[in-house]
Trainee: 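Structure in structure tokens, see below.
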There are 2 protein chains.
Amino acid sequence: MTLEDILAELRLQREGARHAETGMWVASVLRERIAAGQLAPGSKLSEEALGEALGVSRNTLREAFSALAAEHVVTRIPNRGVYVARPSADDIREIYRVRRYLEPAALAWSPATDVTPLRLAVERSRAAREAGSVTGMADANQAFHAGVVELAGSERLTLLMKQVLAEMRLVFHSMAADPVFHAPYVEDNARIVELLGAGQRAEAAELMADYLRRAEAQLLAAMAGNGA
Amino acid sequence: MTLEDILAELRLQREGARHAETGMWVASVLRERIAAGQLAPGSKLSEEALGEALGVSRNTLREAFSALAAEHVVTRIPNRGVYVARPSADDIREIYRVRRYLEPAALAWSPATDVTPLRLAVERSRAAREAGSVTGMADANQAFHAGVVELAGSERLTLLMKQVLAEMRLVFHSMAADPVFHAPYVEDNARIVELLGAGQRAEAAELMADYLRRAEAQLLAAMAGNGA
DNA sequence: CGCCTCGGATTGTTGAACAATCGCCGAAAA
DNA sequence: TTTTCGGCGATTGTTCAACAATCCGAGGCG
């Protein structure tokens, strides 16, 4: 699908725009397209072209850009424009730094004990693995880790985690992802749920920390090999 | 560096506004004023009046508003305007929820071991207590807790903590703060540094969690008594 | 071969205009 | 008197067109 096709689609998609929402509406549309990989990392988002396609003025579009830049979905280079973010090795380290605090902490100290959503995510992971669906596994895995942080019951931590996971999707889009990257980790997730359900929170947190260290190392190695 | 460059810099610093930065400059000016309490919680920030006062257009001002709204420094009510945020009891609970994960996690799992900045903050706390300086104690206390999260070495966690602490300042500005609110906690901080320095991370984290629970309860009680 | 300048293209910012929405205030009805 | 309803004024949301500032690359020059 070419960029022209996408612009054409976006042109059709504008209908429900209302007063006092246009900026956020544009942001959400771009967020979806980027998450789906239809706007590849590194793509330049021209104010003129996008504004024309979406039927919004440059000012409104820039408001959307500000929101996306704050989420690291997009990179703004002054006087040069905004580009779909292309996470660097340092960005990956930062992502996992955040996750290594958030996820074990949520497992160790959350008041919530309902692990049903986590169990479901593991189920979906396994089903996707059997079906050989790479995106299915990726989605289910993200749902699992988002669910872990949601145990904390904090809006801001949940939001931060969602943004970090969105950046993770960009990482996978940036490099030719290993089709079986997620496969080995499905059973780690299952074991974490098991430990958590049994009340062994410290052990669950430790396993999670270990999992995150391994995943980070694997991603960094893949990126180094794949070429920057 | 030529003389022309120096003249240009001075001109810019005096006038403050630079191409490609005006929006962020406005945001930082407002952020400072709000943090200092010069713009009280609940104050309406009229686009026309503020734009005129700062010498920027409404569009640029709105860009600054978007940034501040994302930080919860300001509340945006559609079609009604933006107001300096006035944190509710729920906001306080959310603030402490975030802190209760971030700060103990940083203490328990950070690779960094340089506690000098924390010691210094404790020193300043004590000096301010002796001098009877309420704002001095508040500032030193904030520096201490920011320093704890900085141990994690994560930009995003540090930023989140700074935003949460900025919201805490709004809490204190919202209610007639107890002048000795911080006093009892100075020695808690000192003990945390002591434990951390001795390598007793789990104990330090536990004490921090306990401290946060007590502070939250005290603030919620004060808010209930003080009247909404 | 490297440096510099110039021009084109794009972004940053402005001010004015119009549309949409809200709260207020007064009029009409109970 | 109280309540409800509708119009009015004020403010925000959005667009538009213009100008200023900046970056990039293409030549011109030594």
Side-chain angles (χ1 to χ4, degrees), chain A residues 3-4 7 10-11 13-30 39 42-70 73-86, chain B residues 1-2 4-30 39 42-70 73-86:
Chain A
L3 196 129
E4 274 307 319
L7 291 185
L10 294 182
R11 222 162 290 161
Q13 191 166 351
R14 61 172 156 86
E15 274 141 35
R18 271 197 293 251
H19 200 61
E21 304 188 0
T22 314
M24 289 307 101
W25 172 78
V26 171
S28 71
V29 168
L30 292 178
L39 290 165
S43 305
K44 172 162 174 119
L45 301 178
S46 157
E47 295 189 351
E48 178 126 13
L50 260 184
E52 197 279 335
L54 289 164
V56 300
S57 76
R58 280 181 57 212
N59 277 321
T60 302
L61 185 58
R62 288 169 62 75
E63 186 181 328
F65 280 165
S66 294
L68 295 177
V73 169
V74 127
T75 303
R76 187 168 228 156
I77 307 177
N79 298 309
R80 298 244 287 132
V82 324
Y83 301 79
V84 178
R86 173 160 28 203
Chain B
M1 176 179 287
T2 76
E4 269 307 309
D5 291 331
I6 295 178
L7 287 185
E9 265 194 25
L10 291 182
R11 201 173 306 137
L12 296 177
Q13 189 158 354
R14 257 177 54 184
E15 310 199 352
R18 224 177 356 199
H19 196 65
E21 301 192 3
T22 314
M24 290 305 103
W25 173 76
V26 171
S28 71
V29 167
L30 291 178
L39 289 165
S43 305
K44 175 168 170 98
L45 302 178
S46 154
E47 294 190 354
E48 178 130 14
L50 257 185
E52 202 278 335
L54 290 166
V56 299
S57 76
R58 278 181 58 212
N59 277 321
T60 302
L61 186 59
R62 287 169 62 76
E63 187 181 327
F65 281 165
S66 294
L68 295 176
V73 170
V74 126
T75 303
R76 190 169 224 157
I77 306 177
N79 298 310
R80 297 246 290 133
V82 323
Y83 301 79
V84 178
R86 173 157 34 197

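Predicted model, so just to flag it, every value in this text is computed and none were measured. Residue numbering restarts at 1 for every chain, and letters A, B, ... go by the order of the sequence lines. Values below: all heavy atoms of this structure, side chains included; hydrogens, waters and symmetry mates excluded.
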Trainee: According to a strict under-4.0 Å criterion, is A:T22 in side-chain N/O contact with OP1 or OP2 of D:dT14?
Mentor: yes
Trainee: What's the CD-C1' distance between B:E63 and D:dT14, to the nearest Å?
Mentor: 15 Å
Trainee: Round to the nearest Å and state the distance from B:L61 atom CG to C:dT14 atom P.
Mentor: 10 Å
Trainee: Of all heavy-atom pairs between B:A64 and B:V26, which one has the smallest distance, and what is that distance?
Mentor: CB-CG1, 3.6 Å
Trainee: To the nearest angstrom, how far is A:N59 atom CG from C:dG15 atom C1'?
Mentor: 11 Å
Trainee: If you assign B:G81 and A:N79 each to the DNA chain D nucleotide with the nearest heavy atom, which residue ends up on the more 5' nucleotide?
Mentor: B:G81
Trainee: Can you name the closest pair of heavy atoms from B:A67 and B:M24 and give their distance?
Mentor: CB-CE, 4.1 Å
Trainee: Whether A:R80 contacts D:dC24 is assessed here as follows: a side-chain N or O lying under 4.0 Å from the phosphate OP1 or OP2. Is that the case?
Mentor: yes
Trainee: How long is the line joining CE of A:M24 and C1' of D:dG13, in whole Å?
Mentor: 12 Å
Trainee: Given C:dG12, D:dT14, D:dA17, which nucleotide is nearest the side-chain atoms of A:E47?
Mentor: C:dG12
Trainee: Whole-Å distance between C:dT21 P and B:I77 CD1?
Mentor: 17 Å
Trainee: Indicate whether the side chain of A:S66 and that of A:R76 have a donor and an acceptor atom separated by less than 3.5 Å.
Mentor: yes
Trainee: Reckon A:T60 has a side-chain N or O less than 4.0 Å from the OP1 or OP2 of D:dG13?
Mentor: no
Trainee: Taking side-chain contact (heavy atoms from CB on, under 4.5 Å) as the criterion, tell me which of A:L61, A:L50, A:L68 meets it with A:L45.
Mentor: A:L50
Trainee: Measure the distance from CZ on B:R62 to C1' on C:dT13 and round it to the nearest whole Å.
Mentor: 15 Å
Trainee: Side chains of B:V73 and B:L30: closer than 4.5 Å at any heavy-atom pair?
Mentor: no
Trainee: For the pair made of CG in B:L50 and C1' in D:dT11, what is the distance, rounded to whole Å?
Mentor: 14 Å
Trainee: Please give, in whole Å, the distance from D:dA18 P to A:R58 CZ?
Mentor: 13 Å
Trainee: Indicate whether OP1 or OP2 belonging to C:dT11 is found under 4.0 Å from a side-chain N or O atom of A:K44.
Mentor: yes
